[in-house]
K.L.:
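Sharing a structure below in structure tokens format, with a few things to ask.
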Amino acid sequence: MGTSGSPQRTLAETLGVFTRRETAGTPLTTDEVADALDCEPAAVAGHLEELADRGELRSKPVGSDGRVWWRPAEDPDDGGTDSAAPLGDAQFHELVGAVTDYAIFALDAEGRVRTWNDGARRIKGYDRDEIVGEHFSTFYTQAERDAGVPEENLAGARRNGRVEDEGWRVRKDGTRFWANVTITALRDDDGDLRGYLKVTRDMTERREYEQRLREQKERFETLVREVKDYAIFLLDADGVVQTWNDGARRLKGYDEDEIVGRHFSAFYTDEDREAGRPERNLATAAAEGRVEDEGLRVRKDGTTFWANVIITALYDDDGDVRGFAKVTRDMTERHEYEQRLREQRDELDELDQINAVIRDIDQALVSATTREEIEQAVCDRLAASDTYSAAWTAEYTEGYTDITPRAWAGVGEDYLEAIRRADAADETEKGVGTTALRTGTVQPVQRLGGDLAGEPWREASVAAGYESAVTVPLVHDGVEYGVLTVYAESESAFDGRKIAVLSELGETISHAIAAIRRKERERTLTALQKSTRELLQTATVGEISDIIVETLTDDIALDDAVVYALDDSADALAPASSSVSSGADPDERSPIPAGSDSPVWASFADGETRYVSSGLPATGSHPAMVVPLGDHGALVVGAADAETFDGKMQHLVELVAATTEAALERTDRERRLQRQNDRLDSFASMLAHELRNPVQIGQIYGQQLSGGQNAEAVEYVTEAFDRIERMIDIMLVLTRGRKAVGEPTPTPLAAAAREVWADVDAPDAALDVDIDRTIRTDETYVRHLFRNLFENAVEHGGRDVTVTVGELPIGFYVADDGAGIPEADRERVFEEGYTTAADQGGTGLGLAFVAELADVYDWEVSVTESESGGARFEFTRVHRESGR
């Protein structure tokens with residue numbers, strides 16, 4: 001088996017395991033393929049699936065959960081890899097017509113490009129006349145050309161009939177992309193080499209995705225190596241175990257080969273499996289990203305242990321769940337300890353009073369909505385009890401160099417000031433609060449007056465009449481929230497049992513704070529999702545800025561927020577929206593000129609986030625964070641406390657900034673597009689106006705010409721002017737859509753069709769009208785529609801074609817008995833410029849106009865085959881036409 005550090009393998013390497021074998025049909029298991037490549041089975045499982053999807057491999061299940069793979073033997077009737085006949089242009093275009101996402105082209109025997117398809121043009125950037133005749137090594141990097149890789153690939157194709165390669169390729173503009181390349185040798189009936197067929201696919205996104213997977217795998221393996229006391233392993237999307245670490249083996253008792261491939265529900269008790277707990281945990285993790293659970297789990301030998309389990313969903317780039325990471329910790333000792341504490345508390349009658357206080361605190365914790373409410377409620381109830389005199393909570397900075405009181409009851413401002421003065425490292429290192437946090441244990445001080453050295457707050461405690469104290473660490477899942485210190489006027493107030501109760505209280509408080517923080521994060525996430533949805537509906541910079549400012553100040557609870565937008569005309573950053581805060585001066589929120597020494601302009605100019613501890617004019621004295629918004633401006637946020645901008649808050653603000661930048665980019669793009677559309681609309685109207693005047697004059701003079709002078713010329717000129725006028729109408733519909741048509745009037749379709757047919761120059765053709773429907777439309781454009789369809793039928797069906805205008809339950813159709821339209825071309829015929837009669841003057845606008853006019857009138861137009869095998873165009877509406 002491969003090692004956990006083995007490299008990732010490519011599709012070509014995976015397929016090579018099968019092509020190297022003497023018998024192509026020999027089946028191999030996933031493990032056998034992994035052994036051949038010296039890597040993990042998970043590293044090749046995806047490649048095997050993809051090769052099977054592409055038809056390179058076959059597969060079938062074996063046993064209850066196994067599967068084998070093999071490469072099918074080539075059918076000699078299908079030509080194999082040695083094509084007996086050279087690939088002609090017609091065959092080549094027929095082949096590539098159905099494969100538009102690939103670059104497919106032919107090379108001659110020396111490697112020069114012979115043919116070129118549209119996929120090759122889009123991927124490599126060359127037009128056909130630029131590349132045909134050039135050597136295919138043009139697409140390789142200089143390093144690979146120097147190494148002779150192009151020649152090696154051709155030699156491999158000559159030798160083996162086919163070669164597959166992956167690597168960097170170069171486009172016309174010099175940019176690179178990661179390509180999967182297949183080169184197939186083409187031979188004639190005598191086996192002589194005629195050339196090569198080359199297929200290239202842009203695999204850049206897949207390679208980047210595989211790199212991300214490798215990075216995730218490396219991070220996971222690092223985690224597994226560093227955390228030996230945890231069972232850490234991966235599940236697939238169905239919950240089947242994919243990996244197994246040594247911690248998992250020691251905790252659960254299974255060796256890797258005993259458990260990989262089995263469902264993780266094997267670790268649950270029968271009761272949990274019957275209740276659907278494993279499936280429920282996976283569903284919750286998939287929906288919320290993560291689930292934490294505690295309960296009994298079962299080892300291989302049938303014994304149970306109390307486990308803390310975290311299951312984290314792993315998503316692919318499309319947001320779909322591709323598996324789960326599962327971390328299990330044996331919490332049996334902690335669980336048993338908690339049980340003993342609860343049992344002892346229930347048995348001790350002398351703790352009735354403190355239990356009453358605890359119950360009161362628990363009720364307060366349930367109703368609290370913020371951390372501040374939790375801590376203040378705890379302090380108030382402890383200080384109000386008959387047992388204790390005062391209580392306060394505080395938090396330490398990193399390194400325990402400073403302590404800041406957060407909530408208190410029963411103590412005065414002088415005492416709080418004494419606590420704040422305990423900020424030197426040599427003093428706090430001796431502090432009981434530091435010891436409590438570092439050891440994770442309750443620290444009692446039975447005689448506060450016994451040792452005053454190094455504890456400035458002890459003197460104040462004794463002066464206030466306190467005799468004893470206990471400091472409780474507030475820690476949950478390794479996160480330190482600070483300490484709770486409780487005072488009593490008796491030296492014996494904190495015996496072993498009461499210390500145990502306060503320890504449990506500390507855990508309860510820590511759990512409550514953690515729960516509040518989780519809820520706050522959830523509320524923040526919900527608010528961000530809501531603001532993102534609102535941003536999709538915005539149309540102006542001001543609306544976007546207002547939403548972002550409101551989100552930052554109301555939902556994320558920052559004190560100040562200002563969005564500066566770039567004003568090109570003033571060459572400055574101008575406030576687009578800002579919050580109203582006591583910490584900021586609204587008059588100072590003026591535009592920031594280009595080149596200013598303001599940190600806001602500097603952040604915008606260099607694209608780097610900045611932190612300003614002394615504040616900015618826009619945020620008053622509050623510390624500020626400035627995040628650039630790309631080419632659109634900058635976001636400034638302020639907070640009363642510099643510690644607000646911790647790693648999580650920084651990431652959150654930068655996420656909001658990225659969302660803002662994307663919204664501003666979308667708005668800017670839509671604004672530019674609207675301006676382009678407006679200019680196109682204006683141009684089309686102007687051009688139509690300028691053309692109609694000379695056309696109408698020409699039509700008038702044409703009608704005044706005597707037919708005796710030159711009847712053929714008069715008829716030609718008159719018809720030309722009429723055709724120009726029709727083209728103007730068509731152009732207006734194609735460019736202006738609904739705005740081009742006039743007020744609808746009742747129009748009998750049968751009469752309109754017959755009148756148009758009378759002008760069609762096809763004396764041998766016939767019209768069959770089988771419709772009695774009147775619709776509300778612009779009669780001029782309906783005539784154009786019939787004319788285009790009739791002329792199309794004559795052009796492609798022959799001058800003796802028969803055209804039928806018939807009725808549908810909710811529309812009508814126009815059909816002919818000509819050659820029809822191939823199914824592969826039925827969507828393309830409506831594209832502007834598409835024509836098969838360019839050499840006969842076809843513009844490719846006729847059917848495009850038909851499709852556009854159908855859209856204008858909310859018709860659905862489709863093309864199918866008529867009863868006689870010709871073309872049939874159907875026009876239907878969701879609701880029946882009014883009037884008959």
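For the numbers below, each heavy atom of this structure counts, side chains included, while hydrogens, waters and symmetry mates do not.
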K.L.:
Is there a side-chain contact between Leu629 and Val563 (heavy atoms, below 4.5 Å)?
P.N.:
yes
K.L.:
Please list, chain by chain and in numerical order, all residues satisfying ring pair (Phe, Tyr, Trp, His ring centres under 6.0 Å) with Phe790, sequence neighbours excluded.
P.N.:
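Counting only residues at least two positions away or on another chain, Phe790 forms a ring pair (Phe, Tyr, Trp, His ring centres under 6.0 Å) with Trp757, Phe786.
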K.L.:
Consider side chain to side chain contact (heavy atoms under 4.5 Å, CB included). Of Asp173, Thr138, Asp202, Thr200, which one does Lys124 pass it with?
P.N.:
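One option only clears the test, and that one is Thr200.
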K.L.:
Between Glu134 and Arg112 (salt bridge meaning N to carboxylate O under 4.0 Å), is one present in this structure?
P.N.:
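Not counted as a salt bridge, because no side-chain N and carboxylate O are separated by less than 4.0 Å.
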K.L.:
Do the charged groups of Glu791 and Arg799 touch, with an N to O distance under 4.0 Å?
P.N.:
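No, this pair does not count.
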K.L.:
Can you give me the closest heavy-atom contact between Val132 and Arg114, atom names plus distance?
P.N.:
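That would be CG1-O, 3.8 Å.
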K.L.:
In terms of relative ring orientation, are Trp116 and Phe105 parallel, tilted or perpendicular, with 30° and 60° separating the classes?
P.N.:
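Taking Phe105 first and then Trp116, their aromatic rings sit tilted (interplane angle of 30° to 60°).
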K.L.:
When you look at CD of Glu205, are more than 12 heavy atoms from neighbouring residues, nucleotides or ligands closer to it than 6.0 Å?
P.N.:
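No, the 6.0 Å shell around CD holds no more than 12 heavy atoms from other groups.
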K.L.:
Has Asp631 got more than 12 heavy atoms of other residues, nucleotides or ligands less than 6.0 Å from its CG?
P.N.:
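No.
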K.L.:
Quick test of your reading of the model: are Arg872 and Glu874 salt-bridged, counting only N-O distances below 4.0 Å?
P.N.:
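Answer for the salt bridge query: yes.
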K.L.:
Under 6.0 Å from the ring centre and within 45 degrees of the ring axis: does the NZ or CZ of Arg169 meet both conditions for the six-membered ring of Phe139?
P.N.:
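Ring-cation test returns no.
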K.L.:
Are Glu208 and Arg206 close enough, and set up right, to give a salt bridge (Lys or Arg N to Asp or Glu O under 4.0 Å), and what steps lead you there?
P.N.:
CA-CA 5 Å; Glu208 293 172 350; Arg206 191 206 68 182; over 6 Å; no
K.L.:
So, taking the atom named CD1 in Ile775 and the one named CG in Leu749, what distance separates them when rounded to the nearest 0.5 Å?
P.N.:
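Between atom CD1 of Ile775 and atom CG of Leu749 there are 4.5 Å.
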K.L.:
In Å, rounded to the nearest 0.5 Å, how long is the span from CG of Leu48 to OG of Ser59?
P.N.:
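It comes to 8.0 Å.
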